[in-house]
Amino acid sequence: MQCVKIMFKLIHKEKNSKARLGKLNTPCGEIDTPCFMPVGTQGTVKTLSPNELEEAGVQVLLSNAYHLFLRPGMEVIKKTGGLHKFISWGKPILTDSGGYQIFSLALLRKVSDKGVEFQSHIDGMKHLLSPEDIIDIQCLLGSDIMMPLDECVHYPCSKDQARVAMERTIGWARRSKVALSQIQKSKSQNSQLLFGIVQGATYEDLRKECAKEIIDIDFAGYAIGGVSVGEPKNLSNDIVGFTAKTLPQDKPRYAMGVGLPEDIVEAVGLGIDMFDCVVPTRYGRNGTAFTSEGKLTVRNSPYTDDLGPLDKKCQCYTCKNFSRAYLRHLFNSEEILGLRLVSLHNINFYLGLMRDIREAIKNDRYTEFRKDFLKSYNNPYEQVKA
Ligand SMILES: [Zn+2]
């Protein structure tokens, strides 16, 4: 039996909450947790260069096996020597299987125990991807952390439907682990990590059952899938909370697709270590900045002649060099620099937030940190300025 190396070190458990400080070792380097992974679905964090991400302190990027498999396809990535080289990013990469995207984007999908049959949302070509194929693809990409194929359900979802998807997810997880072990045995290396995903929709008993089965298979880390799929916020917090309680202490825990700054702050307090979300760059391209005092829409008229930075507490390139008035002007003139500058600030804001979170955990003051952050963040500029 292949033994899983110690990849995760739990450094400190905060005294008054369930927040944890840790270090995750991957083939391309260490990741301090809790961490935020900017999303580069197509092998790029939209509008930002790897250099800018590195300067912001990004330690791990998220990309998507399904998207890269469809376009540009595996041949060119293989020829380049893997995804890291293809996108010129030397630090860790986590790839999502794309299960969620297959279920939300692909046309005419047919799910069976074999895998998922679907038509590409790009060119209509038919594909069948099995859990084994998804592992193969991620091995070729050279992902530091890979995710198995899982079946996601939408919200709301009946318990029967949730159970079928959950049972299929468990079966696929088992097959994914076997597939990876075989590939690693043949290459005599076992450095790429595979996480297990806990599904079960909004049903606590299904989540518990799924967690138990997935933990029995034994993965390098555990993800909570099927949250942030349209359910109310308090419900996603509940799911994250009761699922996190069932997960082992000595492995990293990842809340997939979470979230907004306030969601991350809550989930860290419930014992989550890893996050990803498209919002910093998606909102950035729409001209919405995340700041220490809440969200700010740069197009709004109060900023016409506001010469202050987006966030006075931020030291990023955007905040050090440009005013809200200029950023508003860029958005109103539809200049691409505006999209880049606000995206850059937002990524810096998220990475700064994660550093503050880790510092607060280290000093056993997470409860105060959470309270102060939410107090200041729920007092958005928009209201103050109006
Ligand atoms: Zn900034």
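Start at 1 and go down the list; that is how both ligands and their atoms are numbered.
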Original post:
Pairs in or reaching into residues 140-153: which pass side chain to side chain donor-acceptor pair (under 3.5 Å), with residues at least two apart or in two chains?
Top reply: His84-Asp144, Thr95-Ser143, Asp150-Gln199, Glu151-Arg168
**OP:** For residues Phe275 and Tyr254, establish whether the separation of their ring centroids is below 6.0 Å.
**Re:** no
Original post:
Closest approach of Tyr317 and Asn321, non-hydrogen atoms and distance?
Top reply: O-ND2, 2.9 Å
**OP:** Work out which heavy atom in Leu68 is nearest to a heavy atom in Ser63; give both atom names and the distance.
**Re:** CD1-OG, 3.5 Å
Subject >> Ile122-Ile77 co-clustered via ILVMFWY side chain contacts under 4.5 Å >> reply: yes
Subject >> Considering all heavy atoms, the nearest Asp133-Leu128 contact >> reply: OD2-O, 3.5 Å
Subject >> the Zn ion (ligand 1) - number of protein N/O/S atoms closer than 2.8 Å >> reply: 4
